[in-house]
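Since the structure comes first, as structure tokens, the remarks are kept for the end.
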Amino acid sequence: MGSQGSGEGGGCSRKPRFLCLHGFRTSGEIMRKQVGKWPESVLGKLDMVYLDGPFPAEGKSDVDGIFDPPYYEWFQFNQEFSAYTNFDECLEYIEDYMIKQGPFDGLVGFSQGAILSAGLPGLQAKGVALTKVPKIKFLIIIGGAKFKSPEVAEDAYSSPIQCPSLHFLGEMDFLKPYGLELLEHCVDASVIHHPKGHTVPRLDEKGLDTMMNFIDKIQNILAEKDQPIIKKLRKLRKLKKLKFCQENKLCSQAQSQLQSNVVIGTQNQNNDTCPLPNPIWAFLQPVLSPAIHAFCSNPSSAAGVGSVGAVPSMQNPEDISYLTQREAAEIDEILMGPLGFSVDQLMELAGLSVATSIAEVYKPSEYNRVLVICGPGNNGGDGLVAARHLYHFGYKLSVCYPKRTAKPLYAGLVTQLESLSVPFISVDDLPLDLSKDFDIIVDAMFGFSFHGSPRPPFDNLIQKLVCVNKYDQTREKSSVIVSVDIPSGWHVEGDGGVEGIKPDMLVSLTAPKLCAKKFFGPHHFLGGRFVPPSIADKYKLRLPPYPGTSMCVRIGRPPQVDISALRENYISPEFLEEQVEADPFDQFRKWFDDVVAAGLREPNAMALSTATKNGKMYTNYESQKAHELSENPRASLLFYWDGLNRQVRVEGSVQKVSDEESDQYFHSRPRGSQIGAIVSKQSTVVPGRHVLYDQYKELEEKFSDGSLIPKPKNWGGYRLKPELFEFWQGQQSRLHDRLRYSPEEINGQQVWKIERLAP
Ligand SMILES: NC(=O)C1=CN([C@@H]2O[C@H](COP(=O)(O)OP(=O)(O)OC[C@H]3O[C@@H](n4cnc5c(N)ncnc54)[C@H](O)[C@@H]3O)[C@@H](O)[C@H]2O)[C@@H](O)CC1
Ligand SMILES: [K+]
């Protein structure tokens with residue numbers, strides 16, 4: 001009575017298993033043929049089992065002469081379809097089959113089989129049917145509708161259908177209006193529209209795309225459900241990572257800054273990056289002690305104190321969740337309904353994310369003139385907020401907002417911009433070629449509520465943006481287009497190709513929408529850091545974590561760059577001999593204060609470089625620093641402050657500090673760092689991170705009573721006595737400032753000689 005498909009079970013990559021319920025007075029075999037029109041790329045991904053209805057056809061079949069008998073029916077009904085016969089028997093029959101041949105993940109139904117399939121999850125939830133088999137997780141409904149029997153319908157639709165469902169709606173299908181009613185009742189529905197009538201249609205390109213997305217989605221859900229252990233492990237790993245990072249605060253930014261400079265700072269190796277411990281103040285107060293301490297955990301290797309926490313990023317776009325239009329709107333409703341957010345709040349955060357994403361990629365020194373084009377809805381509101389933040393970040397803003405929304409929120413956003421003297425430009429006053437007047441064009445016209453084709457004046461504005469791409473092909477430095485949430489004019493789910501705007505950057509908000517799969521520009525960012533776990537869980541969102549306190553995170557790989565073309569054109573204030581402090585310690589303190597005031601991370605991070613007697617610098621050998629220092633007790637420290645285009649290099653002689661001093665400093669550090677120093681036998685090979693972590697946990701427990709953590713014997717500090725300073729500041733056209741302070745004796749007095757060096 002049933003006809004098996006190409007099943008295979010077990011494992012996390014198993015195919016979703018569907019029980020297929022055929023149409024009235026047809027059969028499992030006929031349905032197999034009907035569905036057989038779908039390509040192998042679909043059928044090969046599903047395990048379909050075709051079951052015959054329990055009752056032989058009691059009358060003529062519509063497919064008589066088209067498909068061979070026998071024909072079956074699931075239950076019988078009166079003329080109005082309002083009363084059923086043998087319905088309970090039908091339910092029992094299906095349950096019985098599912099017990100014997102299951103488990104099944106979902107149901108595929110056509111016509112009467114579709115009405116039945118779509119009603120079963122509700123009946124199951126009510127405890128009326130399928131009580132002895134696992135919950136139905138997915139539905140594929142072809143030419144379906146709701147039950148007409150009020151009695152059955154009451155049980156079947158007492159709550160919305162929660163499981164993911166895919167609905168086929170035929171333009172010519174007499175059941176289409178009822179199919180739409182059913183659709184309304186489904187919480188997580190995707191739809192394939194087709195031009196045919198009441199039939200199982202072939203899949204056109206668009207339909208195939210929707211089907212593949214649906215299959216992807218259910219496979220992911222199954223993988224999650226089938227892998228609770230892996231999930232737990234992943235969670236555990238995340239937790240461990242978080243904990244470890246919290247206790248080892250050396251920022252990766254400092255690391256990369258240092259690496260990007262001349263001195264390569266590889267922790268534990270010849271050139272160390274280490275946050276300067278508290279005794280830096282000894283250096284900053286030269287009267288007391290003109291020396292720098294570089295504390296290292298192992299005098300035989302002289303290494304840094306922190307650990308480098310990698311900034312998390314989601315490199316593979318395939319690993320990310322994409323939302324349908326419906327899901328995006330639903331999340332919006334949940335956030336602003338039960339979760340208590342207001343639209344102003346979300347808009348502010350969304351707009352800030354857009355501004356920070358832009359600032360991360362396009363520096364105001366190079367891309368200064370920004371035009372924000374705002375649409376009539378919330379996407380336009382995000383644009384207005386982003387414009388305000390960009391203004392404060394140092395960009396020169398203009399806004400085009402042709403269809404203003406008469407709500408206080410929007411009026412407020414406009415007033416805020418007007419008070420900053422940001423010009424509002426009408427569509428007519430925009431130049432023909434936007435790329436002449438603007439470096440960045442922010443497309444905030446339409447977001448996830450866009451439907452159909454753009455109406456005036458947005459049709460023209462979108463056309464203008466399409467032209468920007470064209471004009472710019474001839475220019476050396478092109479203007480860039482940044483789209484907020486969705487490239488305006490694109491269908492939210494990516495249907496119908498992506499003919500229009502081709503943005504350079506897309507900032508997806510909350511989660512990328514399906515159309516973002518077709519974004520191939522160089523910069524895809526995610527913003528809207530307000531999604532609570534309840535939503536992430538409900539929609540099974542897989543999104544990259546935001547690094548640190550950032551409001552945005554890059555999705556996918558950063559664009560490939562031509563390393564030889566990497567060149568920063570620095571803009572810095574004057575740095576003249578006449579203006580600098582006579583004493584390099586004072587000058588250092590001044591710059592250090594600027595760094596602190598600018599809020600740069602880890603201002604005290606530095607690279608320590610040693611040299612052997614013959615002056616050769618080492619970088620990546622097994623740790624030899626202490627050995628080298630004993631051979632040649634000279635070293636150089638490098639402070640690199642990227643945010644201010646500044647760098648200070650200090651050279652001098654190095655001495656070990658007293659054991660008491662090391663001991664005192666060791667115990668001034670957080671207890672986590674103290675334990676970390678014991679655990680890390682610096683520069684020795686470790687079999688895996690877990691070894692360090694386990695030892696760490698063990699010691700943490702041992703010292704959980706607050707007792708004194710003994711300083712490891714081989715842990716101590718070095719003091720560098722500065723003998724030469726070089727202050728560097730990046731300037732335009734690579735005419736950087738370099739001022740060197742070296743000691744000189746004049747009339748028997750030691751003074752600092754200041755000389756400018758060629759860049
Ligand atoms: N949680 C969220 O989901 C958040 C969403 N936000 C933003 O809100 C956007 C969605 O906002 P809305 O729902 O207001 O919708 P949109 O901003 O996408 O656009 C809706 C407006 O566009 C008009 N429109 C639709 N199709 C059109 C067409 N073919 N021609 C001309 N006009 C058309 C509508 O009449 C309406 O005025 C998101 O994309 C995102 O940018 C953020 O503000 C905050 C958080
Ligand atoms: K947009």
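Hydrogens, waters and symmetry mates are skipped; everything else that's a heavy atom, side chains included, is used. On a predicted model such as this, the values are computed, not experimentally measured, just so you know. Counting convention: from 1, in listed order, for ligands and their atoms alike.
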- prompt: Closer than 3.4 Å to the K ion (ligand 2), do we get an N, O or S atom from Ser483, backbone or side chain?
  reply: no
- request: Would you indicate whether Tyr391, at its atom OH, is surrounded by more than 12 heavy atoms from other residues, nucleotides or ligands within a distance under 6.0 Å?
  value: no
query: Which protein residues have a heavy atom closer than 4.0 Å to any atom of ligand 1, listed by chain and number?
result: Asp332, Leu335, Leu346, Met347, Ala350, Pro376, Gly377, Asn378, Asn379, Asp382, Phe446, Gly447, Phe448, Ser449, Phe450, His451, Ser453, Pro454, Arg455, Asp485, Leu509, Thr510, Phe530
- request: For the K ion (ligand 2), decide whether Gly447 has an N, O or S atom at a distance under 3.4 Å.
  value: no
- prompt: Is Asp443 close enough that one of its N/O/S atoms sits under 3.4 Å from the K ion (ligand 2)?
  reply: yes
- prompt: In this structure, are over 12 heavy atoms from other groups packed under 6.0 Å from Lys396 atom NZ?
  reply: no
- request: Please note down the angle at the K ion (ligand 2) between O of Val484 and OG of Ser488, to the nearest 10°.
  value: 170°
message: Does the plane of the ring in Phe18 sit parallel, tilted or perpendicular to the ring in Phe138? Use 30° and 60° as the thresholds.
response: tilted
- line: Applied to residues 168-181, the side-chain hydrogen bond (donor to acceptor under 3.5 Å, both in side chains) test, sequence neighbours excluded, yields Glu171-Lys176, Asp173-His198
task: Would you please classify the geometry between the His524 ring and the Phe519 ring as parallel, tilted or perpendicular, with 30° and 60° separating the classes?
output: perpendicular
- request: Using the side-chain hydrogen bond (donor to acceptor under 3.5 Å, both in side chains) rule, collect all pairs that involve residues 348-361, keeping only residues at least two apart or in two chains.
  value: Glu348-Arg388, Glu348-His389
query: Among all residues two or more places apart in sequence or in another chain, which pass the side-chain hydrogen bond (donor to acceptor under 3.5 Å, both in side chains) test with Glu330?
result: Tyr539
- request: State whether Ala444 contributes an N/O/S atom found under 3.4 Å from the K ion (ligand 2).
  value: no
message: If you count every heavy atom of other residues, nucleotides or ligands that lies below 6.0 Å from Met336 atom CE, does the total exceed 12?
response: yes
query: N/O/S of Gly383 less than 3.4 Å from the K ion (ligand 2)?
result: no
message: Checking side-chain hydrogen bond (donor to acceptor under 3.5 Å, both in side chains) between Asp188 and each of Arg326, Lys217, Lys538, which is the one that passes?
response: Lys217
